[in-house]
Asker: 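Sharing a structure here in structure tokens format.
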Amino acid sequence: MKVTVLGASGHAGSEVTKELARRGHHVTGIARTPSRIPQGDNIQAIAGDVNHKDDLLPHLKGADAVVSALMFSDAGPDLMLDLVKTAGVKRYLVVGGAGSLEVAPSVRLVDTPEFPDEYKPEASVGMKFLERLKQETELDWTFLSPSIFFEDGPRTEKFRLGTDSPIFDADGKSSISFADYAIAMVDEIEKPAHSRRRFTVGY
């Protein structure tokens, strides 16, 4: 498959890029600083900015899927949906956030007292992004929320999937490594199971 990854230089984007290439897919990784994109067979690193639509379109056209690993505050849903649709790509996957996950009925993580204030603005924009996606009927989209703790760690290939609530381990921690998150994302690209839905991943 041919997959374009926007934000391919970040923690999640770089791991998704590497996982795709590891499985033999052809990846176009796009970032403002392409030197930070992983190098390797099947990876083409491109300098790009989502605000420069005409420059990006040639690198999206012909892709089987587009993955967005960008900050929500840098790339709003209307901008991203227009970009992907104009490129003619039907499959769109988003590296989501955990703030919109429900820790109790109608209680989102971002609304709890423990949620750090410094992360609330980005989490709030991410929730609006997800709500906009839920109205989208043209694109085949998927929004993958990480666990509460989204961090560096090993590629274990041992994790669980959920829907709208955080996944906790036996010790009560909700976490996932960037590497294992990438496995779940690429699994979804290869074998779609959450079309026009959000899901989550954790240990």
Side-chain angles (χ1 to χ4, degrees), residues 2-20 27-38 43-101 108-110 116 118-146 150 178 181-182 184-186 188-189 194-201:
K2 294 181 179 179
V3 182
T4 297
V5 179
L6 300 169
S9 63
H11 290 296
S14 62
E15 290 296 334
V16 171
T17 297
K18 289 190 290 185
E19 184 66 28
L20 284 163
V27 189
T28 299
I30 299 177
R32 290 173 179 168
T33 308
S35 61
R36 296 178 182 174
I37 296 173
I43 299 174
Q44 180 184 21
I46 301 291
D49 187 318
V50 291
N51 293 300
H52 299 154
K53 175 181 173 181
D54 291 341
D55 294 336
L56 282 188
L57 283 175
H59 305 297
L60 273 67
K61 289 181 178 179
D64 296 296
V66 170
V67 177
S68 175
L70 299 165
M71 295 283 287
F72 295 117
S73 53
D74 291 337
D78 292 334
L79 173 69
M80 297 307 300
L81 292 173
D82 177 64
L83 177 64
V84 177
K85 288 179 182 179
T86 303
V89 182
K90 299 301 182 183
R91 188 88 170 103
Y92 176 52
L93 300 100
V94 179
V95 175
S100 58
L101 293 170
R108 297 169 300 190
L109 179 65
V110 69
E118 61 266 31
Y119 297 142
K120 285 186 177 180
E122 178 68 13
S124 296
V125 179
M127 287 189 294
K128 292 178 182 178
F129 198 112
L130 177 57
E131 291 307 310
R132 172 63 182 85
L133 282 180
K134 289 179 178 179
Q135 302 170 15
E136 175 59 38
T137 58
E138 181 178 342
L139 287 179
D140 184 5
W141 62 268
T142 297
F143 187 100
L144 176 53
S145 288
F150 196 17
F178 296 115
Y181 176 95
M185 177 66 84
V186 178
E188 180 67 23
I189 294 172
H194 301 88
S195 177
R196 297 193 177 98
R197 293 168 55 197
R198 182 260 291 279
F199 74 111
T200 187
V201 57

Asker: Please report the closest heavy-atom contact between Ala8 and Ala31, naming both atoms and the distance.
Answerer: N-CB, 4.4 Å
Asker: Strictly distance-based, threshold 3.5 Å: is any side-chain N or O of Ser9 a donor or acceptor partner for the main-chain N or O of Thr33?
Answerer: no
Asker: Report the distance from atom CG of Leu60 to atom CG of Leu83, rounding to the nearest 0.5 Å.
Answerer: 5.0 Å
Asker: Looking only at non-hydrogen atoms, find the nearest pair between Phe72 and Gly126 and report the distance.
Answerer: CD1-CA, 3.3 Å
Asker: Check the pair Arg91 / Ser195 against side chain to side chain donor-acceptor pair (under 3.5 Å), numbers first and verdict last.
Answerer: CA-CA 9 Å; Arg91 188 88 170 103; Ser195 177; 5.4 Å; no
Asker: Please give me the minimum heavy-atom distance between Pro146 and Ala98, naming the atom from each residue.
Answerer: O-CB, 3.6 Å
Asker: Please round to the nearest 0.5 Å and tell me the distance separating atom CG of Leu6 and atom CE of Met80.
Answerer: 5.0 Å
Asker: Whether the side chain of Arg108 engages the backbone of Met127 through a donor-acceptor N/O pair (distance < 3.5 Å, no angle test) should be reported.
Answerer: no
Asker: Are Leu93 and Trp141 side-chain neighbours, meaning at least one heavy-atom pair lies under 4.5 Å?
Answerer: no
Asker: What closest approach, in Å, do Ala65 and Ile189 show between heavy atoms, and which atom pair accounts for it?
Answerer: CB-CG2, 4.4 Å
Asker: At their closest point, which heavy atom of Val50 faces which heavy atom of Ala75, and how far apart are they?
Answerer: CG2-CB, 4.1 Å
Asker: Find the distance between CG (Asn51) and CG (Leu79) and round it off to the nearest 0.5 Å.
Answerer: 6.0 Å
Asker: Decide side chain to side chain contact (heavy atoms under 4.5 Å, CB included) for Lys85 and Leu139; before the verdict, give the C-alpha distance in whole Å, the side-chain angles of both, and the deciding distance to 0.1 Å.
Answerer: CA-CA 7 Å; Lys85 288 179 182 179; Leu139 287 179; 4.0 Å; yes
Asker: If you measure from OG on Ser14 to CZ on Arg36, what distance do you get to the nearest 0.5 Å?
Answerer: 11.5 Å
Asker: Which is it for Val5 and Val27 under the side chain to side chain contact (heavy atoms under 4.5 Å, CB included) test, yes or no, and what are the steps along the way?
Answerer: CA-CA 7 Å; Val5 179; Val27 189; 3.9 Å; yes
Asker: Okay, side chain of Thr86, backbone of Leu57: is any donor-acceptor separation there less than 3.5 Å?
Answerer: no
Asker: Counting only heavy atoms from other residues, nucleotides and ligands, does the tally under 6.0 Å from NZ of Lys128 exceed 12?
Answerer: no
Asker: Return the CD to OG1 distance between Gln44 and Thr17, rounded to the nearest 0.5 Å.
Answerer: 12.0 Å
Asker: Side chains of Arg196 and Thr137: is there a donor and an acceptor less than 3.5 Å apart?
Answerer: no
Asker: Kindly check if the number of other-residue, nucleotide or ligand heavy atoms within 6.0 Å of NE2 (His11) is above 12?
Answerer: no
Asker: Any non-hydrogen side-chain atom of Ile46 less than 4.5 Å from a side-chain atom of Thr28?
Answerer: yes
Asker: Compare all side-chain heavy atoms of Leu81 with those of Arg132 and state whether any distance is below 4.5 angstrom.
Answerer: yes
Asker: Side chains of Arg198 and Leu101: closer than 4.5 Å at any heavy-atom pair?
Answerer: yes
Asker: Determine the minimum heavy-atom distance between Glu15 and Lys18, stating which atoms define it.
Answerer: OE2-NZ, 3.0 Å
Asker: Rounded at 0.5 Å granularity, tell me how far OG in Ser73 sits from CZ in Phe129.
Answerer: 11.5 Å
Asker: Flag the pair Glu188 and Arg197 as a salt bridge only when some basic side-chain nitrogen lies within less than 4.0 angstrom of an acidic carboxylate oxygen.
Answerer: no
Asker: So, the side chain of Thr200 versus the backbone of Ser145: is there a donor-acceptor pair under 3.5 Å, distance only?
Answerer: yes
Asker: Donor-acceptor pair, Tyr181 side chain versus Leu144 backbone, under 3.5 Å?
Answerer: yes
Asker: Any side-chain heavy atom of Val95 sitting closer than 4.5 Å to one from Met185?
Answerer: yes
Asker: Looking at Lys90 and Asp140, is there a salt bridge between them, counting it only when a charged N and a carboxylate O are closer than 4.0 Å?
Answerer: no
Asker: Ile30 and side chain to side chain contact (heavy atoms under 4.5 Å, CB included): which single residue from Asp55, Leu56, Ile37 fits?
Answerer: Leu56
